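Everything on this sheet refers to the single structure shown next.
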Amino acid sequence: MNKIVWKQRIVLSIGVLFYLLAAGSVRGEVNIHGLMDIKKLQEIIRAKEDILKTQPKDIGSLKILGIAYHNLSVAGKKGVCEKAFSILTKAYELAPNDDEILVYLGSVHTLLGRDGIVPLAKLYQVNKGCRIMNKAVSKSPDNIAVRLTRANNSLALPSFFNRIEYAEKDLLYLLQLSKKRPKEFSSDLLAAIYYTLGEYYKEKGKGKLSKAREYWNKAVEAAPESRDGIAAQKRLEVYKVGG
């Protein structure tokens, strides 16, 4: 079987969504969701590891540390995926009702599959991770971080896993949720969701480019000066006709 190749550019673009969560799941802490700056992640890791030396069961620190290692792995840092798995597993044992920990644990399983060598073991890890993420979403369907983590992962996985439709499902669900809970969705966050939906439809092929442009336009309208608004404008300049 060919090596599992993740779509890194999609991972990083949708990662902006996590970073824009104004009221992150770990309140009072840095917004760790989607943070991909390696230097900042390493600073967070050092700080949390220091805390855990004297408070090894501090769930908040374990959660942030596990997500930080997860993000380092997504960003391409070698040899950290196993650390993310070990830490998130411990965090989940201490907080089995925390579905954000659960969804990241599922994502880490797919990273273990990405980095694995034995084909059947790779498939096993990815499929297990997908089942875990599905479980997290079923338990906490309105949790923004949970939905975005699964959407992120689904867009990044190779097409033969047939996960891309979960990305559309989760992103459209969040748009509906934004109508019920508008205070939780900043204009930048909405722009990021719109932009990523445009990316999803672009991935579907030429027949969906008109739909992609529709969402890129919405991203520009929502927050023209945001990172995703600017990226959407560039997409519109490239994909002017067709679809």
Side-chain angles (χ1 to χ4, degrees), residues 11 14-75 77 79-115 125-126 128-154 156 170 174 177 181 183-186 189:
V11 171
I14 196 170
V16 179
L17 298 177
F18 302 132
Y19 193 67
L20 290 172
L21 290 175
S25 60
V26 188
R27 298 184 184 280
E29 297 281 358
V30 65
N31 258 326
I32 190 66
H33 299 295
L35 179 61
M36 294 296 168
D37 185 295
I38 292 177
K39 183 177 179 180
K40 290 180 180 178
L41 287 169
Q42 290 173 333
E43 290 173 355
I44 291 168
I45 287 169
R46 286 193 293 270
K48 295 306 172 185
E49 286 182 339
D50 283 344
I51 292 172
L52 289 166
K53 287 176 182 178
T54 56
Q55 303 176 56
K57 294 186 178 181
D58 184 274
I59 295 171
S61 293
L62 284 167
K63 180 175 181 176
I64 293 174
L65 184 61
I67 295 172
Y69 273 120
H70 166 278
N71 291 359
L72 270 183
S73 182
V74 171
K77 186 74 172 177
V80 297
C81 188
E82 291 79 5
K83 289 185 178 180
F85 174 76
S86 176
I87 294 162
L88 288 169
T89 297
K90 182 177 180 180
Y92 189 63
E93 289 173 353
L94 294 170
N97 293 320
D98 191 321
D99 296 319
E100 292 179 10
I101 295 176
L102 182 62
V103 78
Y104 273 104
L105 187 56
S107 183
V108 165
H109 272 285
T110 68
L111 290 171
L112 289 170
R114 177 199 66 183
D115 296 343
Q125 289 286 10
V126 173
K128 182 175 182 179
C130 290
R131 290 195 299 271
I132 291 173
M133 287 185 289
N134 289 349
K135 180 181 178 181
V137 171
S138 68
K139 290 178 65 183
S140 296
D142 290 348
N143 186 301
I144 298 172
V146 168
R147 284 276 181 182
L148 288 174
T149 302
R150 186 173 75 166
N152 174 24
N153 193 280
S154 299
D170 289 332
L174 287 171
L177 188 63
R181 292 157 43 178
K183 292 183 179 180
E184 298 179 39
F185 290 80
S186 67
L189 176 54

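Counting begins at 1 with the first residue of the sequence. Everything numeric here is computed off the predicted structure, so don't read it as measured data.
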In terms of heavy-atom contacts, Gly113 and Val126 come closest through CA-CG2, 4.0 Å

Closest non-hydrogen contact found for Asp170 with Ala151 is OD2-N, 3.6 Å

Side chain to side chain contact (heavy atoms under 4.5 Å, CB included) for Leu189 and Leu174? Distances and angles first, verdict last. CA-CA 10 Å; Leu189 176 54; Leu174 287 171; over 6 Å; no

Applying side chain to side chain contact (heavy atoms under 4.5 Å, CB included), can you list everything that pairs with Thr89, at least two apart in sequence or on another chain? Phe85, Glu93, Leu105

Specify the closest pair of heavy atoms between Leu62 and Pro56, including all atoms of both residues, with the distance to one decimal. CD1-O, 3.7 Å

Shortest non-hydrogen contact from Val74 to Met36? CG1-CE, 3.8 Å

My understanding is that only residues two or more places apart in sequence, or in another chain, count here; which of them pass side chain to side chain contact (heavy atoms under 4.5 Å, CB included) with Ala95? Ile59, Asp98, Ile101

Mind listing the closest non-hydrogen atom pair of Ala68 and Ile44 along with its distance? CB-CG2, 4.4 Å

Tell me, please, which residues at least two apart from Glu49 pass side-chain hydrogen bond (donor to acceptor under 3.5 Å, both in side chains). Tyr69

What distance separates Ile67 CD1 from Leu72 CG, expressed to the nearest 0.5 Å? 12.5 Å

Could you walk me through whether Gln125 and Thr110 satisfy the side chain to side chain contact (heavy atoms under 4.5 Å, CB included) test, starting with their C-alpha distance in whole Å, then the side-chain angles of each, then the deciding distance to 0.1 Å, before giving a yes or no? CA-CA 6 Å; Gln125 289 286 10; Thr110 68; over 6 Å; no

Any pair with a residue in residues 40-66 that passes ring-ring contact (aromatic ring centres under 6.0 Å, His included), sequence neighbours left out, goes on the list, sorted by first then second residue, please. none

Would you please name every residue forming a side chain to side chain contact (heavy atoms under 4.5 Å, CB included) with Asp58, sequence neighbours left out? Leu52, Gln55, Ser61

Taking the side chain as every heavy atom from C-beta outward, state whether Asn153 and Val103 have any atom pair closer than 4.5 Å. no

Checking Ile132 now: which residues fulfil side chain to side chain contact (heavy atoms under 4.5 Å, CB included) with it, not counting sequence neighbours? Leu102, His109, Lys128

Side-chain H-bond candidate by donor/acceptor type, Ser73 with Arg114, under 3.5 Å: yes

Contacts of type side-chain hydrogen bond (donor to acceptor under 3.5 Å, both in side chains), residue Lys139, not counting sequence neighbours: Asp99

Under the side-chain hydrogen bond (donor to acceptor under 3.5 Å, both in side chains) rule, collect the residues that match up with Arg181, sequence neighbours excluded. Glu184

What residues, two or more places apart in sequence or in another chain, satisfy salt bridge (Lys or Arg N to Asp or Glu O under 4.0 Å) together with Asp50? Lys53

